Structure formats: structure tokens, C-alpha cells
Amino acid sequence: MGYDYTQWDEEVEKLLSRMTLREKIGQLNQIPEPKGREQIEAYKEKLRRGEIGSIILASSATAGNDQKRNIDIDLCNELQRTAVEEGPCGIPLLYGRDVIHGHHTVFPVPLAQAASFHPELVEACCRDTAREAAAESVHWTFAPMLDLCRDPRWGRVIEGWGEDPFLASVMGRACVRGFQGADPADEDSLLTCAKHYVGYGASEGGRDYHRTEIADYTLFNYYLPAFRAAVEAGTGTVMSAFNEISGQPVTSSRKYLTDILRGWLGFEGFVVSDWAAVQMLVRCGVAEDRVGCAKLSVLAGLDMDMVSGCYAENLEDLVKKGEIPEEAIDLAVRRILRVKWAKGLFERPYCRPRAAARKKHLDDARVLAAESMVLLKNEGVLPLKKGMKIALLGPFVREKRSLLGSWTLDYDLSDVKSLLEAMQERVGKEELGLCSDETGLFDNMAETVRQADVVLLALGESWETTGERRSVSDLALPASQRELIRRARALGKPLVGIFFCGRPLAMEGAAEFLDAALYAWHGGTKTAEAVCDILWGEANPSGRAPMTFPRRTGHIPLYYNVTSSGNFVNGYYGEEVYPCYVDSPASPAYPFGFGLSYTSFAYGEIQAERLRLSLDEFLAGEEFRLTVEVKNTGDRDGKETVQLYVHDRTASRMRPLRELKAFQKPFIRRGETAELTFCLGAPQLGFYTEQGSYIVETGVFDIYIGENCLTENKISIRLV
Ligand code: BGC
């Protein structure tokens, strides 16, 4: 376990014994930041009565879509002073905020961070973020989001780590470590909140907040592993999700919030609801009124009510009437106080405003942005040569805000350069022949484009088509941008598409007309500079697709860790003896784990010390040690993301054709060879049953080690 929250239980019990029922319920109550003096004074009155446990520094239900608003540090300290000095037990407030992928320094959206396959760098960037936000009163961030997503139409896909549970687990752990640091009590640390527990990313049709249907086998093997990783890394809190699973809203589900989260995952911190989710139980049709909402949620194991007010209004009465035992309230208070203690609030309740090391953070942001970008196609155009005459076209030439992505509340646009500005810093006026941010390519531009050596197209999607409540029904690049690509193509010049996006778009109608395609994502404050680093070869692309890129929207869901079909058809892996679709091939445009480099790598055969082990030896801790040589065969130094996939050939349940179980990202100099070792033990070869027991079965396992999920470089091992 990353952190033992029970170590504070003695202090917690002492405090709890002094609290009245109303004060206890106050701890379960989170309210939004106050608007105006009148409300501030009203909040103070409540604090004097011990009626508020936490304040969320957000004023609307969809904070990620709001305009930038600074935190009022003085106000936070003022209210904290009332809580500590005038509140009945002097219990400090816990301030939460959605600090998702940066604070003033904005890092790439999490989906892009996943593409870096670089957890150490992600951890370092979360640390930077924690430092900036903690210096402005924030104690608690509502991150990481760990929702596995197989449907990029969902706007919130940007906030997660893609379609793979292992990658999400690695990244989730890195975030918890980065934000919480060695000790959440550090002045520069933020408590984390693993969200949205659980299954939110499976909403039907990618429609935000919609229902999900998740069988327990799927839940344990796909949707829960990242939460397990976050709990093991010591996340202080978990947020329950808005969605229902097969008829049960998670907000009021004892199965998900208590049996699985507490019993199966061993979580000891506290659970907060999503925004106003407790009161939504009426619309869900499982509670008649707000009283019912409060009762169902608290009994399910939901500790803190985010802004609905149902707990504050109703719990006291419910206890007095004997409809809820006071112990249910005590349990929730205990968990919240544990976390407040762990955060060090009782020792240091106030914020000491201080300047953060922005220069380092901005440098880290540039490195992570470059490391996240995925080179999808390159037919000899990139990197650009010095002195090349460039035509720069497309709607993202001057764009700044979208480069930051959704869910960034504290950005500084003055730190952000547009692609044009970043390029102007690199190349002279003569090299940048034509520049237009029109989406059209008009006749009067054709001549200048013809004089260029290369045409760069700045394409993508607005940040306003990503994030909460911003799903799309069509994953294609907008028609006007596809038309721009076609018109530019007709001029016969080498064509490079740079895609500023929050999700993998359907690439048909775009990629085939380009000579090179660089997926730059919504890469944060330093997106444009990082694109230039890659265009001119100062950074060698090393990002890999954290989600499958479909050819068409109609192919969704399309994800790599599918099971085999009993028939001779498996579109993802190119097997189409019978067509999946009669109107298009069902293979991905770019598979999971895919990404090019400016150099090339050759994989040697996989070597194993042994090919067979008895199940008993294996379960007693023996491992398969596999090695593979990866040679940089090109003429540049570069990083290769070496990916290991497992296929359990015959098992009691159908197992995926490939499952990512390990990866390494070595830097290999040109001409040099790296020898990499992977050890496979029980955690890599087993799976969860529908009851949640982890089992390993005998049989043959194909182990693939290669450059993406379609690699054919494999070895077979056997457990007997
Ligand atoms: C979102 C959460 C967010 C919360 C607080 C909700 O609408 O679903 O992800 O943390 O608001 O802003």
C-alpha cells in the first residue's frame, strides 16, 4: 500500500467523540465556492456551526468547459480561519479543484500523456502541477481520471488513458505518486481522487452520462485494474461515477462502493460523489425524493456529498428517526477525517502563497508534449530540412486556446504560442512563404503554394468538441478540412498534416492524401514549440497510440484487446475470410501502440531461459525470463517503445488475442542494440473470474514482443 490512512485513527476517534451529530454530518458536506460577500458571510455562519467539510473551487457543474478563473487565496484562508478558529471542533476545510493536466503550466491532455508511454515523466509533470496548485490553496485534485474508454466519440476520452487497462494502471499510479508525492502532508502535495469509479467511460454510444452495461468479468478485468493501481499507490479519495451499471446507479450502489471498493480493493480513504450526483437518484428513478437520495447513498458507502445538499438537509432527521444508524455517519466521518489528517491540515491549515518554478515546469511541458506526439505516417518528408520553403495552412495556424485542451482551469494564454508564432521563431520570412489560417485554399494562394517545398496543414478539432458534455457523433475530420487536404494534394507538393486533437479521429479521407501525419494532440502550453522540435528533427517522435485509430466512425467500438471470433473473422487483426463489414475493411487505420520514429528498429527473436514451468512452481514465484534485442538500424538516435503482449491460447474463459502486460522505452543510439529483459509472473498470465478471484491456468501462452499490438514477433511458453 502506498499510504496507510488508518495510522490516524487514534486522533480521529478522539475528535469524533467530541462531535455532535450535526457537526459530523457537516464533514460529509461539500459546497461550491461562494459567490459574493453575502454568500461568504453565510458560509462563515455555517462554518461556525460546523456544517461544511469541504469546498470545491468551482462554481458550475462543468468546470472543465468554463472560462479561466483565478483562485482567491485570501478568501480561502479567510474561510479556513473561520473553520479552524471559530468552528466547534476547529476542523479545517479541505479545498478541492479539478487540477487535471496542469495548473498554470498546462501539460498535454491525459490521453496524450498516455501516448508518451513514459510514466516517470508523467509523474514528474504531476509533481510540477501539484507544486503550482498547492501554492494557491488547493489540497485535493479530482484526478486522475481512470475511465477505460473504447469509444472516442465520448468527449471525456481526453481525460483518461485510452483503451488499455495496463497502460491506465501504470499512468494512474504515476499520477497518484506525482500529485501526492512521498507524503500527501507535504506543503507541495495534492491529495488525489481516482475517478470516475466505475465504468463511466463505457457510456452507450459515447453519450455522456448514459447507461452502461458491464458484466462482472469485464469489470474485474478491464474497468477495475486502474482503480486497483491507484488504491495501491495510496490515493486518498475516490469519486463515484454518474453512470449506472446494468440498472444500478453507482452513486447508490453498495455493491460497487462498498463490496468491491472497500472489500475487494481494500480502499481506506473516502468516497466523494460526482457533482450533484446524490440528488440525481430521483431522476434515475431509484429514490422518490432528496431524503431517499441521502439515505441510499450514505448506506451504499458514499462518504461526501458533492454540492447536492441532500446529506446536509436530511441525514440528521434520518438518524433521529432510526432510519440510518449513527454508525453509518461515523464511518463516513472517520474516513474523511483520516484523509484530512493525512493531508496535514491540522498542522498547516493555511496556504502560504509562494512562487513555483515555472521555468522548469514549462520545460517539462515541452518535453512531455513532444514525447506524446505520435507520428502516424511519414513517407520521407519529415524531418524538414533547413532552408525548405514552407506553406503553412489550416484553421489551427493561429489557434492557441485549443492547444491547451479541455479541463484546464488556470491556464495562462500569454505562455502559449500558436504554431505560426513558434515557427516564426525558427525560420526566416523567406522560408515561410505563405501562411493562411483559412480553412479554404483559394485560387490566389495556389501559385505561392506551388513555390513551396512542403505544405504544412494545421488541422484538428476545437477544445470545445472535447470534454464533459461534448461528445461527437462523427469522428471524421471536419469536411472543410478534408477538402483543404484534397485541394492541397492537387497542387502536387509534399503534404504534412499536423493534427491538434483530443481524441483519435477516424482517419479515412485524410491520412491517405498526406505524405506525413503528426498527431500533436491538445498538447498543453508548449504544444507549438514541441511540434517544431519534431518537425525539424530536434526531437525524434516516440509517442504511441494509446487508443486505436479507426478508419470510420461506424467501426466504433474498435479496440485491440478483443477476443477471437469463433468464425474466421477478426477484423482488428486483418483476418476477414468473411468480411466484418461489406462496405469497408474493419482493421484499424492505426492500431493500439502504433507510432513511427525518424529512425528504424529491428527486433531479434525472443529468447527464453525456459519454455515450460509447472503451475505450482509458477505460483510459488518462479518466472519466465524473456529477452529480446532491439537494434536501432536507422541513422538517428531514438527511443523505441517495446511492448509485450500476452495471449492465453486456451483457457476456461475466452481471453483477448493480445493483452499489453509490460513495456519499456529505451533510448537506443543509432547502430546500437539494446538487450531488454521481461519477467513474466502470475500477475501477467492470469485473469479475474466473474467473482473477482484472480486465477492462473495451465496451457500455452503466446508472448509477443514488438513495436505495436500487431507484432508477429512471438514465443510460446507453457504452464503445465
Ligand atoms: C465531473 C467531475 C468533476 C466534477 C467537479 C463533474 O461534472 O464529472 O469529473 O471532478 O464535476 O468539477
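It should be emphasised that the depicted structure is a prediction, and the values quoted were computed from it without experimental measurement. Ligands are counted one by one from 1 in listed order, and the atoms in each one are counted from 1 as well.
Proximity of M145 to ligand 1 is not established, as no heavy-atom distance is less than 4.0 Å. Under a 4.0 Å heavy-atom criterion, R156 is in contact with ligand 1.
Every N/O-N/O distance between E159 and ligand 1 stays at or above 3.5 Å.
Taking every non-hydrogen atom of A61 and a distance limit under 4.0 Å, the qualifying atoms of ligand 1 come out as 6 (C), 7 (O), 11 (O). The distance from ligand 1 to the heavy atoms of E468 drops below 4.0 Å at these ligand atoms: 1 (C), 6 (C), 7 (O), 8 (O). Set against the non-hydrogen atoms of I56, the atoms of ligand 1 under 4.0 Å away are 5 (C), 12 (O). Using a 4.0 Å cut-off to heavy atoms of F142, the atoms of ligand 1 that qualify are 10 (O). The contact set between ligand 1 and W275, taken as ligand atoms under 4.0 Å from a residue heavy atom, comprises 6 (C), 7 (O), 11 (O). For ligand 1, the atoms closer than 4.0 angstrom to any heavy atom of K195 are 2 (C), 3 (C), 9 (O), 10 (O). Heavy-atom contacts of F242 reach the following atoms of ligand 1: 7 (O), 8 (O) (cutoff under 4.0 Å).
Between R37 and E78, at least one side-chain nitrogen of the basic residue sits less than 4.0 Å from a carboxylate oxygen of the acidic one, meeting the salt-bridge criterion. One finds no salt bridge joining E123 and R127 here, because no Lys/Arg side-chain nitrogen approaches an Asp/Glu carboxylate oxygen to under 4.0 Å. At a threshold of 4.0 Å, the pair D66-R97 does not count as salt-bridged, since none of the basic side-chain nitrogens sits closer than that to a carboxylate oxygen.
Regarding atom 11 (O) of ligand 1, its nearest protein heavy-atom neighbour is D274 OD1, 3.5 Å.
For the pair R503 and W154, the NZ or CZ position fails the cation-pi test of under 6.0 Å to the six-membered ring centre and within 45 degrees of the ring normal. By the 6.0 Å and 45° rule, R81 stacks over the aromatic ring of Y350. For R401 and Y411, the positive end sits near the middle of the six-membered ring, less than 6.0 Å away and at most 45° from its axis.
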Point to revise | Step-by-step salt bridge (charged side-chain N to carboxylate O under 4.0 Å, His left out) determination, E187 to R354 | key: CA-CA 11 Å; E187 195 178 19; R354 53 210 184 269; 3.6 Å; yes
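Among D208, V307, D98, the residue whose heavy atom lies nearest to atom 5 (C) of ligand 1 is D98.
Counting only residues at least two apart or on different chains, the salt bridge (Lys or Arg N to Asp or Glu O under 4.0 Å) pairs with a member in residues 234-251 are R211-E244.
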